[in-house]
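Just below is one structure, and these are the notes that go with it.
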Amino acid sequence: LVTAITANKESFAHKIEVRGNVESRTNMTVSAEMMGQLEALSIKEGQSVRKGQVLATIDSETIENNIEEVEKQLEFATTIYEKRDRLWKKNIGTEVEYLQAKNNKEGLEKTLATLNTQLAKAEVKAPFSGTIETVPVKQGEIIQPGQPLAYLVSSSDMYINAEVSESYIGRFNEGDAVEVNIPSLGQKFSSEIASVGRVINAASRTFTIEVKLPKVDDYLKTNLVASVMLTDYKSDEAVVIPSRIIQEDLEGNFVYQVKNKRASKVHVKLGYSYNNHTEVVNGLAGGEMLIDKGNRTVADGTSLSIQN
């Protein structure tokens with residue numbers, strides 16, 4: 001007494017699961033570009049800021065004094081140059097005197113431009129709109145160039161970054177559909193591959209894929225762990241059977257087919273297995289009736305009674 005199923009031809013897909021993290025291209029540490037005392041700190045953790053907004057101000061009294069001094073020198077040098085220029089046009093004086101006056105004026109102009117650039121760096125501004133995550137400094141501290149002043153996060157350009165074993169090279173392409181699960185939120189959604197890396201990590205023997213992230217506030221949190229389900233093989237017309245009915249002998253894998261109410265051993269070549277089902281690539285054409293329950297109690301030629 002056995003039950004039987006039909007080896008149907010149907011769509012079959014094999015999937016793998018990889019771990020990924022939510023990342024952002026716009027999250028960054030905002031650092032000081034000059035040394036000095038932190039004169040003003042106009043931000044706090046959790047505060048939203050706009051692009052170009054001043055986050056902190058570094059004491060710039062020395063630079064301002066230098067600018068004032070150079071401006072006076074430039075004013076005098078400009079006057080000298082203009083006089084030398086008028087005289088030179090009248091062929092009065094030497095060329096060396098004219099060129100020296102011109103050089104002094106242009107040199108001071110460049111020095112003033114450099115000082116103004118340095119003065120602008122005294123105001124640390126937000127490079128993009130976002131939210132202040134951390135502020136590791138306090139007002140009044142002496143700041144060094146490159147020292148972090150704030151960690152700025154933004155949800156404008158976020159994605160899931162996942163590492164895939166090099167054994168799957170060539171199986172995934174940009175635009176392929178994927179299924180994403182974020183366990184900590186209990187959320188699942190469908191997405192697609194945004195890009196596939198072309199470099200193998202020498203240490204982990206993996207390559208990187210990026211997955212698009214929907215603009216949903218719950219998902220837009222950096223370093224969230226995500227599980228990504230990728231389809232590495234798909235066939236629209238595959239002979240698919242339950243994995244539980246497959247057995248193995250010295251010649252390989254086999255199943256029992258029902259022929260004239262008797263069991264007939266059929267050796268099969270298997271493809272991928274997924275979700276308790278296996279693709280048969282050789283040995284079955286589709287439509288055959290196979291023994292399901294009771295398949296391990298029969299032998300080749302056993303007389304059968306089929307239970308519906």
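Just so we're clear, the structure is a prediction, and the values are computed from it rather than from any experiment. The chain is numbered in sequence order, starting from 1.
A continuous path of ILVMFWY side-chain contacts below 4.5 Å connects Ile58 to Leu115, so both sit in one hydrophobic cluster. Val196 is connected to Val18 through a chain of hydrophobic side-chain contacts under 4.5 Å among Ile, Leu, Val, Met, Phe, Trp and Tyr, so both are in one cluster. Ile169 is connected to Leu230 through a chain of hydrophobic side-chain contacts under 4.5 Å among Ile, Leu, Val, Met, Phe, Trp and Tyr, so both are in one cluster. Cluster membership for Val124 and Met28, using ILVMFWY side-chain heavy atoms within less than 4.5 angstrom, is shared. Cluster annotation: Ile209 and Tyr159 are assigned to distinct hydrophobic clusters (Ile/Leu/Val/Met/Phe/Trp/Tyr, side-chain heavy-atom contacts under 4.5 Å, transitive).
Counting only heavy atoms from C-beta outward, the side chains of Arg84 and Ile80 approach each other to under 4.5 Å. Side-chain atoms of Thr208 and Asn161, non-hydrogen and from C-beta on, do get closer than 4.5 Å to each other. Under the 4.5 Å side-chain criterion, counting only non-hydrogen atoms from C-beta, Glu192 is not in contact with Val178. Contact annotation: the side chain of Ile143 never approaches that of Met35 to less than 4.5 Å [non-hydrogen atoms, C-beta and beyond]. When side chains are defined from C-beta on, Leu290 does not count as touching Val258, because their heavy atoms never get closer than 4.5 Å. Inter-residue side-chain proximity for Leu270 and Ile246 is flagged as met; some heavy-atom pair is nearer than 4.5 Å. Contact check for Val211 versus Val180: side-chain heavy atoms found under the 4.5 Å cut-off. Pro242 is listed as a side-chain neighbour of Ile5, based on a closest heavy-atom distance under 4.5 Å.
Minimum heavy-atom separation, Ser165 to Phe207: O-CE2, 3.3 Å. In terms of heavy atoms, Ala77 sits closest to Leu108 at CB-CD1, 3.6 Å. Of all the heavy atoms in Leu38 and Lys138, the pair that sits closest is CD2-O, 3.4 Å. Smallest separation of non-hydrogen atoms from Ala56 and Leu149: CB-CD1, 4.3 Å. Taking every heavy atom of both residues into account, Ala263 and Leu304 meet most closely at N-CD1, 3.6 Å. Across all non-hydrogen atoms, the minimal contact from Ala32 to Gln144 is CB-O, 3.8 Å.
Atom CD of Glu61 has 12 or fewer heavy atoms from other residues, nucleotides or ligands within 6.0 Å. More than 12 non-hydrogen atoms from other residues, nucleotides or ligands lie less than 6.0 angstrom from CZ of Phe189. Enclosure of atom NZ in Lys221 by more than 12 non-hydrogen atoms of other residues, nucleotides or ligands within 6.0 angstrom is indicated. At most 12 heavy atoms of other shown residues, nucleotides or ligands fall within 6.0 angstrom of atom CG in Asn260. Enclosure of atom CZ in Arg198 is not indicated, since only 12 or fewer non-hydrogen atoms of other residues, nucleotides or ligands lie within 6.0 angstrom. Other residues, nucleotides and ligands contribute at most 12 non-hydrogen atoms within 6.0 Å of the CZ atom of Arg19.
Membership of the apolar cluster around Val153 extends to Tyr151, as traced through chained side-chain contacts below 4.5 Å between ILVMFWY residues.
Every pair passing side-chain hydrogen bond (donor to acceptor under 3.5 Å, both in side chains) that includes a residue from residues 103-116 is listed here, sequence neighbours excluded: Lys105-Glu109. Residue pairs that meet the side-chain hydrogen bond (donor to acceptor under 3.5 Å, both in side chains) test with at least one member in residues 34-50, sequence neighbours left out, do not exist here. Pairs passing the side-chain hydrogen bond (donor to acceptor under 3.5 Å, both in side chains) check and including a residue from residues 172-185, sequence neighbours excluded, read Lys15-Glu179.
Formation of a donor-acceptor pair under 3.5 Å by the Thr3 side chain with backbone atoms of Lys293 is found in this model. Within the 3.5 Å criterion, the main-chain N or O of Ile245 finds a donor-acceptor partner in the side chain of Asn295. Remark: side-chain polar atoms of Gln100 are not paired, donor with acceptor, to backbone N or O of Tyr98 under 3.5 angstrom. Between the side chain of Asn8 and the backbone N or O of Gly287 there is no donor-acceptor pair closer than 3.5 Å.
The CZ atom of Phe12 sits 9.0 Å away from atom CG of Asn275, with the distance rounded to the nearest 0.5 Å. Within the model, atoms OG of Ser227 and CD1 of Ile182 stand 10.0 Å from one another, a figure rounded to the nearest 0.5 Å. In this structure, the separation between CE on Met34 and CD on Glu123 is 11.0 Å, given to the nearest 0.5 Å. The CD1 atom of Ile291 sits 6.5 Å away from atom CD1 of Ile306, with the distance rounded to the nearest 0.5 Å. The CD atom of Glu237 sits 5.5 Å away from atom NZ of Lys9, with the distance rounded to the nearest 0.5 Å. Rounding to the nearest 0.5 angstrom, the gap separating the OG atom in Ser264 from the CD atom in Glu288 is 10.5 Å.
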Table please: side-chain donor-acceptor pairs of residues 89-96 below 3.5 Å, with sequence neighbours left out.
from, atom 1, to, atom 2, distance (Å)
Lys89, NZ, Asp85, OD2, 3.3
Thr94, OG1, Glu97, N, 3.3
Thr94, OG1, Glu97, OE1, 3.4

Extract all donor-acceptor atom pairs below 3.5 Å that involve side chains of residues 125-136 and protein atoms in other chains or at least two apart in sequence.
from, atom 1, to, atom 2, distance (Å)
Ser129, OG, Lys51, N, 3.0

Report the C-alpha distance between Val2 and Asp292 in whole Å, list the side-chain angles of each, state the deciding distance to 0.1 Å, and finish with yes or no for side chain to side chain contact (heavy atoms under 4.5 Å, CB included). CA-CA 7 Å; Val2 298; Asp292 184 6; over 6 Å; no

Checking side-chain hydrogen bond (donor to acceptor under 3.5 Å, both in side chains) for the pair Thr29/Ser31: CA distance, chi angles, key distance, verdict? CA-CA 6 Å; Thr29 298; Ser31 303; 5.9 Å; no

Residue pair Thr222, Asn27: steps toward the side-chain hydrogen bond (donor to acceptor under 3.5 Å, both in side chains) verdict: CA-CA 8 Å; Thr222 307; Asn27 291 4; 2.5 Å; yes

Derivation of the side chain to side chain contact (heavy atoms under 4.5 Å, CB included) call for Val268 and Asn282: CA-CA 6 Å; Val268 292; Asn282 192 15; over 6 Å; no

Show the numbers, then the answer: is there a side chain to side chain contact (heavy atoms under 4.5 Å, CB included) between Gln147 and Val137? CA-CA 9 Å; Gln147 182 174 344; Val137 295; 3.7 Å; yes

What do the steps show when you test Val266 against Leu284 for side chain to side chain contact (heavy atoms under 4.5 Å, CB included), and what is the final call? CA-CA 8 Å; Val266 178; Leu284 298 176; 4.2 Å; yes

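Using cut-offs of 30° and 60° on the angle between ring planes, the pair His14 and Tyr274 is perpendicular.
Between Arg25 and Glu210 there is a salt bridge, since a side-chain N of the basic residue sits under 4.0 Å from a carboxylate O of the acidic one. A salt bridge between Lys265 and Asp300 is absent, with no side-chain N of the basic residue lying under 4.0 Å from a carboxylate O of the acidic one.
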